[in-house]
Participant: 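Once you've had a glance at the structure underneath, I'll fire off some questions.
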Amino acid sequence: MQFLNPSILYALLAVAIPIIIHLFNFRRFKKVAFTNVKFLKEIKEQTRSKSKLKHLLILASRILAIVFLVLAFAQPFKPYSQNNAIDQQKNIGIYIDNSFSMNAEGNEGKLSDQAIKIAESLIKNLNANDEITLITNDFSNAQERPLNKSEALNQLEFIQESPAFRNFQEIKSRFLGLRGQKEGLSNELFVISDFQENFLSDTEQEDSLLRIKLIPLRANNNENIFIDSCWFSTPFRQLNNPEQLVIRIKNTSNNALKDLPIRLDINGVQKAIASTSVDANSSIDTSVSFTISEPGWQLGTVSINDHPITFDNDYFFSFEVKEKVRALCLYEQDSSIYLGSLFGKDPTVELDQVQISKVDYGAFSQQDLIILSGLSEIQSGLTQEIQKFVELGKTVLIIPSTTINLASYNNMASALNIDGFNGISKIERAVSELNLNLRLFEGIFESVPKNMDLPTVQTYYPRSSNLSADFDYVMKLENGDPFLNLYSKSNANIYVLYSPLSAEANNFAQHALFVPILYKVCYTSQLSGQMSYIVGEDQKIITSTKNTDKNVIKIKQVNKNYEFIPGNLFQGDKTALMIQGQIEESGHYNLKNNTDLGSVSFNYSRNESNTALISMEKIYEYVIDLSNIDVIELKDKNVELIGETLSRVVKGKNYWRYCLLISLVFFAFEIILIRLLS
């Protein structure tokens, strides 16, 4: 047994007061003349013995009443553990889950409101010298300073819902990182959450220096329907060309949903509507079609209607549609007749053929596609510029000449981490196989013929294998050598034709496959970019804008006043924007310096959309072998009174109420005795 206020025990000296009063309060008797006292003597003796007993009982009642009253003010308690010394400061961490899933309704209103009430009740029952750390999903700088009771209670009023999701390990690491663990002190962490399925980790190690209380809140209804993601069925966008957007809808309820309306807006204008049905606890991919008639950045929003969880009813995305594809063809002596004929009069492709000796490397970043057509040698300077071009996520097509400097070509191949070239082969071979699984072939064939007529090759360069190169063959010769290979580098594509583009080397330029394949290479060179990003995460957005310290890029929310300057990291001809969690709301945002540079879109993480909770049985199984972790179930307890129960974890079990009650009982007993005595 210990006392929260042991100095009050000096007040026990007050028991001397009733003792002194008892000793010096002698009753004075008045003499009365009476004729015969023979019978009065026995009555007098009996009255004095009863009076003495009553006085002793009154004295005992007064003493015990004072003793228990003093003990009540001293606040006796039984420590929860041996480490709970009353004269030590305690590290108290309180995690309040303020994620979107806490908007669900519980028995006493929203789970988020219940969590606040539990934390408030707990804080009020803590000791005055305890250091309190409030933790929410935001992990904000304001939470890094320890708080006293009044500061912590005031801080509760400013907690708002957050798009961020944190798991148990992150919360524990946050608390230990802020406060640390001091041996001999009581380190207590209270976790108030709805405990979604992905909240607890697979394993947990026992920590004797940290006691943890898990407080699960239960929602009455865990059903939710939401838009999980969106993507295009093809990798590039074209003006006045039908686009197909695929939308994934998920249903976490136990009931099937029929005829859910879906709406697609582009730049604030409705472009398509659809409906779909989703089975219980499943997902479905549905698609909508639309056409873009104007070039530029397109801001798309897919919407459904579902309650009470609404943060995931909208999905925002953005993409750019260019008016033309800009292609640069570098040649040595003569420009390519085939490429000029193919793209020269096409209004959707701007082909610029430039002799290698007159090339302007500064114009590379403005191109979508660079074609190295029939160069006999690759200079080191050109290799470096092609490397930079690939790093921008652009597309390169390499077509060798009939006589090449193998060393220079292989140096470029090594720099780009692709396969090189071996000595020329003049054995006639036929293309035997197309890789129809590639997106390059999407839409080329209505149906694939069984005995397809494929190009024949008289001259080609066998591949010099680079074991670290990652490639997909596009067209393969009958002996297994590649005719056309695709090397993917992040968002960049490098196509290598292992045969010169001439009638003497092959008949590819005269074949029916030449036009669709070259057009697909050209159109897929347009960067679609990332359609959307996640709110609250440390994102890095790569732009192709060349910037300076005096002309930084800003990010401004569309149709709102929110604007900020992200970290601008200059990387050659690119600028990387470091978001660092400064986006707090989903929606569309514009990139600006002196002009509009483009758009980006942000969505809330869908981690909170799956509202399935960990069952209480599994939570108990999780902590069954961990002596430092306990579970508190609310059940029918009032959340405003649960703080007293939680405070016993820190201070132990309090007995001051019992002492006060006993003191009042003895005071009442004293009053009764006095009345009987009179």
Participant: Applying side-chain hydrogen bond (donor to acceptor under 3.5 Å, both in side chains) to Thr301 and Asp265, what does each step give before you reach the verdict?
Facilitator: CA-CA 5 Å; Thr301 306; Asp265 290 349; 5.9 Å; no

Participant: Are Phe100 and Pro163 packed together at the side-chain level, in the sense that at least one heavy-atom pair is separated by less than 4.5 angstrom?
Facilitator: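 Yes, close enough: below the 4.5 Å cut-off.
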
Participant: Cation-pi check for Phe421 against Arg463: NZ or CZ below 6.0 Å from the six-membered ring centre and within 45 degrees of the axis, yes or no?
Facilitator: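 Because its charged atom misses either the 6.0 Å distance or the 45° angle limit, Arg463 does not stack over Phe421.
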
Participant: Assess the side chains of Tyr604 and Glu585: does a donor N or O sit below 3.5 Å from an acceptor N or O?
Facilitator: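 Their side chains do not contain a donor-acceptor pair, so the 3.5 Å distance test is not met.
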
Participant: Less than 4.0 Å between a side-chain N and a carboxylate O, is that true for Glu320 and Arg237?
Facilitator: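 Between Glu320 and Arg237 there is no salt bridge, as every charged N stays at least 4.0 Å from the carboxylate O atoms.
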
Participant: Does the side chain of Asn411 pick up a donor-acceptor pair with the side chain of Tyr409 at under 3.5 Å?
Facilitator: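 No donor-acceptor contact under 3.5 Å links the two side chains.
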
Participant: Taking atom types as modelled and ignoring hydrogens, do the side chains of Gln510 and Tyr338 form a donor-acceptor contact shorter than 3.5 angstrom?
Facilitator: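 Yes, because at least one side-chain N or O of Gln510 sits under 3.5 Å from a partner of the opposite role on Tyr338.
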
Participant: Test your reading of the model: is there a side-chain donor-acceptor pair from Lys394 to the backbone of Ser365, 3.5 Å cut-off?
Facilitator: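 Yes; judged by distance alone, with no hydrogens or angles, the pair exists.
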
Participant: Name the one of Ser357, Ser376, Ser373 that satisfies side-chain hydrogen bond (donor to acceptor under 3.5 Å, both in side chains) with Glu332?
Facilitator: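 It is Ser376, the one option of Ser357, Ser376, Ser373 that forms the side-chain hydrogen bond (donor to acceptor under 3.5 Å, both in side chains) with Glu332.
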
Participant: Check whether the side chains of Arg263 and Gln270 place a donor and an acceptor atom closer than 3.5 Å, and report yes or no.
Facilitator: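 Note: Arg263 and Gln270 side chains meet the donor-acceptor criterion.
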
Participant: Do Tyr315 and Ser532 have side-chain N/O donor and acceptor atoms under 3.5 Å apart?
Facilitator: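 Distance-only check passes for Tyr315 and Ser532.
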
Participant: Check the side chains of Asn267 and Gln298 for a donor-acceptor pair under 3.5 angstrom, ignoring hydrogens and angles.
Facilitator: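 A pair is found: one side chain offers a donor N or O, the other an acceptor, under 3.5 Å apart.
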
Participant: Heavy-atom count check: over 12 atoms from other residues, nucleotides or ligands less than 6.0 Å from Asn240 CG?
Facilitator: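 Counting other residues, nucleotides and ligands, CG of Asn240 exceeds 12 neighbours.
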
Participant: Between His511 and Thr456, is there a side-chain donor-acceptor contact under 3.5 Å, judged purely by atom types and distance?
Facilitator: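 The criterion, which ignores hydrogens and geometry beyond distance, is not satisfied for His511 and Thr456.
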
Participant: So which heavy atom on Ala272 is nearest to which on Val288, and how close?
Facilitator: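 The pair with the smallest heavy-atom distance is CB-CB, 4.2 Å.
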
Participant: Between the side chains of Thr348 and Tyr523, does any donor sit under 3.5 Å from an acceptor?
Facilitator: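 Yes, because at least one side-chain N or O of Thr348 sits under 3.5 Å from a partner of the opposite role on Tyr523.
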
Participant: Kindly indicate whether the side chain of Phe343, heavy atoms from C-beta on, has any atom under 4.5 Å from the side chain of Leu518.
Facilitator: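 They are in side-chain contact.
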
Participant: Decide whether Ser599 and Asn590 meet the rule of one side-chain donor and one side-chain acceptor closer than 3.5 Å.
Facilitator: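 The criterion, which ignores hydrogens and geometry beyond distance, is satisfied for Asn590 and Ser599.
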
Participant: Between the side chains of Asp368 and Lys322, is the shortest nitrogen-to-carboxylate-oxygen separation below 4.0 Å, so that they form an ion pair?
Facilitator: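 Between Asp368 and Lys322 there is a salt bridge, with a charged N closer than 4.0 Å to a carboxylate O.
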
Participant: Would you say the side chains of Ser162 and Asp138 form a donor-acceptor pair under 3.5 Å?
Facilitator: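 Note: Ser162 and Asp138 side chains meet the donor-acceptor criterion.
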
Participant: Determine whether the side chains of Ser525 and Thr395 contain a donor N or O and an acceptor N or O closer than 3.5 Å.
Facilitator: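 There is no such pair between these side chains.
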
Participant: Is there a donor-acceptor contact under 3.5 Å linking the side chains of Asn506 and Ser499?
Facilitator: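 Yes.
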
Participant: Whether the side chain of Thr310 engages the backbone of His307 through a donor-acceptor N/O pair (distance < 3.5 Å, no angle test) should be reported.
Facilitator: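 The answer is no, because no donor-acceptor pair under 3.5 Å joins these two groups.
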
Participant: Does either side chain, that of Glu377 or that of Ser408, offer a donor lying less than 3.5 Å from an acceptor on the other one?
Facilitator: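 Note: Glu377 and Ser408 side chains miss the donor-acceptor criterion.
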
Participant: Is it true that the NZ or CZ of Lys560 lies under 6.0 Å from the centre of Tyr562's six-membered ring and within 45 degrees of the ring axis?
Facilitator: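 Checked: cation-pi criterion not met.
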
Participant: Indicate whether any N or O donor in one side chain lies under 3.5 Å from an N or O acceptor in the other, for Asn603 and Ser586.
Facilitator: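 There is no such pair between these side chains.
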
Participant: For Lys554, does the NZ atom sit with more than 12 other heavy atoms under 6.0 Å from it, leaving out its own atoms?
Facilitator: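 Count not over threshold, so no.
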
Participant: May I ask you to test the Asn435-Leu440 pair for a side-chain heavy-atom distance under 4.5 Å?
Facilitator: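 They are not in contact (no side-chain heavy atoms under 4.5 Å apart), so the answer is no.
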
Participant: Could you go through the side-chain hydrogen bond (donor to acceptor under 3.5 Å, both in side chains) check for Gln384 and Tyr361 one step at a time?
Facilitator: CA-CA 10 Å; Gln384 293 176 2; Tyr361 291 143; over 6 Å; no

Participant: Any sub-3.5 Å donor-acceptor pair from Gln367's side-chain atoms to Phe364's backbone N or O?
Facilitator: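 Not confirmed, Gln367 side chain does not pair with Phe364 backbone.
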
Participant: Indicate whether the side chain of Ser303 and that of Asp314 have a donor and an acceptor atom separated by less than 3.5 Å.
Facilitator: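 Ser303 vs Asp314: donor-acceptor pair found between side chains.
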
Participant: If we ignore angles and hydrogens, is there a donor and acceptor under 3.5 Å between the side chains of Asp470 and Asn417?
Facilitator: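 Absent: no donor and acceptor within the cut-off.
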
Participant: Work out which heavy atom in Asn224 is nearest to a heavy atom in Ile309; give both atom names and the distance.
Facilitator: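 In this case the closest contact between Asn224 and Ile309 is OD1-O, 3.7 Å.
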
Participant: Is the shortest side-chain heavy-atom distance between Asn198 and Phe165 below 4.5 Å?
Facilitator: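 In short, these two side chains touch, coming nearer than 4.5 Å.
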
Participant: Run the ring-centre check on Phe483 versus Tyr473 and record whether the distance is less than 6.0 Å.
Facilitator: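 Not under 6.0 Å, so no.
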
Participant: Any side-chain heavy-atom pair from Tyr487 and Asp419 closer than 4.5 angstrom?
Facilitator: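 Touching, per the 4.5 Å side-chain cut-off.
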
Participant: Under a 4.5 Å cut-off applied to non-hydrogen side-chain atoms, are Leu497 and Met475 in contact?
Facilitator: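 Heavy-atom side-chain distance check fails, nothing below 4.5 Å.
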
Participant: Side chains of Asp481 and Tyr460: do they bring a donor and an acceptor to under 3.5 Å?
Facilitator: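 Note: Asp481 and Tyr460 side chains meet the donor-acceptor criterion.
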
